[in-house]
There are 2 protein chains.
Amino acid sequence: MSQRTSPTKLKDVAEAAGVSISTVSRVFSNPERLSPATVQHVREVAARMRFSPNVLARALKRGVAANVGLIVPDITNPYMTALLKAAQGRSRTSGVGVLVADTDDNTEIERQVAEQLARQSRGLILSAPRMSASHLREIAATIPVVLVNRVVDGVPSVVTDSEWALGELVSHLRELGHRRIAYLPGPSGSWANRQRRKAVTARTHEAGLELVVLDGTAATYHDGIAAVDRVVASGVTGVIGFDDVVASGLIEGLRRHGRTVPDDVSVVGHDDILAELVQPGLTTVAGHSDRVGRLAVQRLLDPEGEQDRETSIVVRATAVYRSSTGPAAANV
Amino acid sequence: MSQRTSPTKLKDVAEAAGVSISTVSRVFSNPERLSPATVQHVREVAARMRFSPNVLARALKRGVAANVGLIVPDITNPYMTALLKAAQGRSRTSGVGVLVADTDDNTEIERQVAEQLARQSRGLILSAPRMSASHLREIAATIPVVLVNRVVDGVPSVVTDSEWALGELVSHLRELGHRRIAYLPGPSGSWANRQRRKAVTARTHEAGLELVVLDGTAATYHDGIAAVDRVVASGVTGVIGFDDVVASGLIEGLRRHGRTVPDDVSVVGHDDILAELVQPGLTTVAGHSDRVGRLAVQRLLDPEGEQDRETSIVVRATAVYRSSTGPAAANV
DNA sequence: TCACGACGTGCAAACGTTTGATAGAACGTA
DNA sequence: TACGTTCTATCAAACGTTTGCACGTCGTGA
């Protein structure tokens, strides 16, 4: 039907402006070397013709692509969605596009997708909680990588540090009279899960509380529901969940079991993502994924010297108090 | 530090295999014209050297890029997230990448981003509920476009048709004894909002129910909370919300107002996205955004003849019954 | 008047592919 | 032996940029 008109290129602008192709190119890449008059003239002509440079050709010639890649296990996870939104916003202001890939936490797909995106990206933002460190380093040897919520020697990263916030929440529970609480873990093998578990362990110990770790969860909503039996059996008065999703599952499970939150059991989440939608409002750790996303992009775009290749930028998480925590039940 | 090794290219493989560059190229693009022996040999060498073609160069030469662009008002909306996930999954099987852009529903950003993505995409999947039809057509004249949840003459689209499902839900409410219900609208100017409102209007009329339209909402969670006063004042026993987000806001608002759902008021959502997380479980319309995403990509990738340029593919939504709807309160 | 830096612009090669035109080899046929 | 066919593989141009180099043309100081 209607023939699509091919976009204007340097050559067209050059002819229309009566200058050479290289001059037009320079108007856009480094105008300082040109006379102001020429620059202005070419700019006008280009604008009139609605010229915009072909990113593909530019990337090919310069050897550096116009995109960043974002690889995540599950884009459906609101933490990741918020991260994506922020990353994209930051990229846009630099005229950079964002290529997204969802790996379903599958190593084979991760490998395949990393390779595919690498070719058209300036760098990769990688969230791969379970990928082996050596594989990670292998990818980082190919293309600049910023790891999200994971630290591996020799690879730059941006991580949320929840230890402090979890400490606050442990104290909070202690002050509410809780003496025995549980940690409901996330996917085994996940870096973030190891960190959170370690933090909770250390902080409950410091606070003189008993801790029960309820293993064997994959941290879905349904796992949360299913965990209720073990929670009840363990006789705890408070539970710290790996994330908001599993925590709200647990709340639902408790409800079905005839227990109310926080009267019978206090529940704490992580990520501050469902927090308002759930009843009762979730006391949780705000991971500030938007900040993480922005920083990751920034780190990719600004070279900032190779010396801190191995540094982690850490974003300190904060505790958010809502109504899923309350005074410990007298007896359980 | 560690120098990044540049990826292998056609030339390297050609030298290693003792053939010309063009031969190697043809091994990957159309091997039929080559002798089977050569093809196999080159394949082996290429595999050994871990060669993969440079997508940028290929796109430049062929004039068709290796990505599709996805432009949405708010990627944080779970409907869009699910759509993205499905679209990306479908694309990956065709070796195609997905460029995502979030426009914050801002026309200026939409324009800018459409232009930016267009250059490196084979086509655009566009969700722009409020963009003018002429602007939309303008973009479609530049690059293949598939519209999501919107129909505009002359531009292909994939839409969810909720009329039937909304009809079911209206009947459902009627059978539960409701006689007067409200529609809590979405963003004014949104195509989907017009469709849903129209469907609800038609179906309540058919069913002999009274309908109140509570205008002036932007369909955020907080708008839902804020809508409670008008809901109560209107004296309805049931509310159909524009989407799950505004519906769960309303539920929260009602709760704060001392009303319970569904005992005092029944609430229906749309999109089936928060449905399980909210208390009580939301009766809603499942829009099947995953199917929409897959179809949109498919439509972009398979040319399928130009004749049906103007056709809309429609995905029929279905009603999902949970516990936010129940028998009408005797008096309100 | 001449030599000499600036300064502004153009030429042409390169980035890694794809692909139409073409050349050579192998074969069967007259 | 010469010739047409068919099959493979190579040549080289092109895709739209960027950029090192070279080429004028000035204005300046001796």
Side-chain angles (χ1 to χ4, degrees), chain A residues 4-43 45-46 49-67 95 115-116 118-122 143, chain B residues 4-43 45-46 49-67 95 115-116 118-122 143:
Chain A
R4 253 175 261 282
T5 72
S6 72
T8 45
K9 38 194 191 184
L10 280 184
K11 188 164 162 248
D12 305 326
V13 179
E15 280 168 8
V19 295
S20 80
I21 294 185
S22 5
T23 300
V24 183
S25 169
R26 274 191 259 264
V27 167
F28 293 99
S29 36
N30 59 347
E32 315 83 36
R33 307 191 31 162
L34 261 32
S35 89
T38 325
V39 172
Q40 198 196 337
H41 174 220
V42 173
R43 280 239 167 85
V45 176
M49 303 178 77
R50 298 170 149 269
F51 168 79
S52 80
N54 180 326
V55 254
L56 258 48
R58 174 178 289 187
L60 178 58
K61 185 77 240 277
R62 288 208 181 142
V64 34
N67 305 313
E115 187 167 315
Q116 203 215 343
R119 294 317 268 274
Q120 20 183 0
S121 305
R122 207 150 150 147
I143 181 177
Chain B
R4 252 176 261 281
T5 73
S6 71
T8 46
K9 39 194 190 184
L10 240 32
K11 188 163 160 247
D12 305 326
V13 179
E15 279 167 8
V19 295
S20 80
I21 294 185
S22 4
T23 301
V24 182
S25 169
R26 270 191 255 266
V27 167
F28 294 99
S29 37
N30 59 346
E32 315 84 35
R33 307 190 32 162
L34 262 31
S35 89
T38 325
V39 172
Q40 199 197 335
H41 174 221
V42 173
R43 281 239 168 85
V45 176
M49 304 179 75
R50 297 170 148 271
F51 168 79
S52 81
N54 181 325
V55 254
L56 258 50
R58 175 179 289 191
L60 177 59
K61 185 77 241 276
R62 289 209 181 139
V64 36
N67 306 312
E115 188 166 314
Q116 203 216 343
R119 294 317 267 274
Q120 20 183 359
S121 304
R122 207 152 151 145
I143 180 176

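Just so we're on the same page: letters track the sequence lines, and every chain starts at 1.
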Review point. So what does A:Phe28 hit on the nucleic acid, given a heavy-atom distance under 4.0 Å: a base, only sugar-phosphate, or nothing?
Key: nothing
Study note, to complete from the structure: One should read off an interatomic distance between B:Gln116 CD and B:Ser121 OG, to the nearest 0.5 angstrom, of 9.0 Å
Review point. Just checking B:Ser35: base, sugar-phosphate only, or nothing, at a heavy-atom cut-off of under 4.0 Å?
Key: sugar-phosphate
Exercise for review: Can you check whether any acceptor in the base of C:dC11 is under 3.5 Å from a donor in the side chain of A:Ser22, or vice versa?
Suggested key: yes
Exercise for review: Would you mind reading off the distance between A:Asn54 atom CG and D:dC15 atom P, rounded to a whole angstrom?
Suggested key: 12 Å
**Study point:** Validation row: B:Val27, B:Arg43 side chains within 4.5 angstrom (heavy atoms)
**Key:** yes
Exercise for review: Take the protein atom NZ of B:Lys11 and the nucleotide atom C1' of D:dT10, then report the distance between them rounded to whole Å.
Suggested key: 16 Å
Check your understanding: So, does the side chain of B:Lys61 form a donor-acceptor pair with the base of C:dT17 at under 3.5 Å?
Key -> no
Study note, to complete from the structure: Of the listed D:dG16, C:dG10, C:dT17, the closest approach to the A:Val19 side chain comes from C:dG10
Check your understanding: Is there a donor in the side chain of B:Arg119 and an acceptor in the side chain of A:Ser52, or the other way round, less than 3.5 Å apart?
Key -> yes
Point to revise | Distance in angstrom units between A:Leu34 CG and D:dT19 P, rounded | key: 14 Å
Study note, to complete from the structure: CG of A:Leu60 to CG of B:Leu56, rounded to nearest 0.5 Å, is 6.0 Å
Review point. Phosphate oxygens OP1/OP2 of D:dA9: is one of them under 4.0 Å from a side-chain N or O of B:Ser20?
Key: no
Point to revise | Among C:dT18, C:dG8, C:dC15, the one nearest B:Arg58 by side-chain distance | key: C:dT18
Review point. Between C:dT19, C:dT18, C:dC11, which one does the side chain of A:Arg26 approach most closely?
Key: C:dC11
Exercise for review: Between B:Arg62 and B:Gly18, name the one whose nearest nucleotide on DNA chain D is closer to the 5' end.
Suggested key: B:Gly18
Review point. Rounding to a whole Å, what distance do you find between A:Arg119:CZ and C:dG16:P?
Key: 9 Å
Check your understanding: Just how far, in rounded Å, is P of D:dT8 from CG of B:Asn30?
Key -> 13 Å
Exercise for review: For the residue pair B:Ser35 and B:Thr38, confirm or rule out a side-chain donor-acceptor distance under 3.5 Å.
Suggested key: yes
**Study point:** Spacing of CZ belonging to B:Arg26 relative to CG belonging to B:Leu10, to within rounding of 0.5 Å
**Key:** 11.0 Å
Point to revise | Rounded interatomic separation in angstrom, taking CZ from A:Arg33 and P from C:dA6 | key: 14 Å
Exercise for review: Tell me which nucleotide among D:dT18, C:dG16, D:dT17 gets nearest to the side chain of A:Ser25.
Suggested key: D:dT18
**Study point:** Length of the line joining B:Asp12:CG and C:dT17:C1', which is rounded to integer Å
**Key:** 13 Å
Practice item. With heavy atoms under 4.0 Å as the rule, sort A:Thr23 into base, sugar-phosphate or nothing. Key: sugar-phosphate
Revision key, fill the gap. A:His41 NE2 to C:dG8 C1', in whole Å, measures 16 Å
Check your understanding: When you check the phosphate oxygens OP1 and OP2 of D:dA9, does a side-chain N or O of B:Thr38 lie under 4.0 Å from one of them?
Key -> yes
Review point. Within the structure shown, what part of the strands sits under 4.0 Å from A:Leu60 by heavy-atom distance: base, sugar-phosphate, or nothing?
Key: base
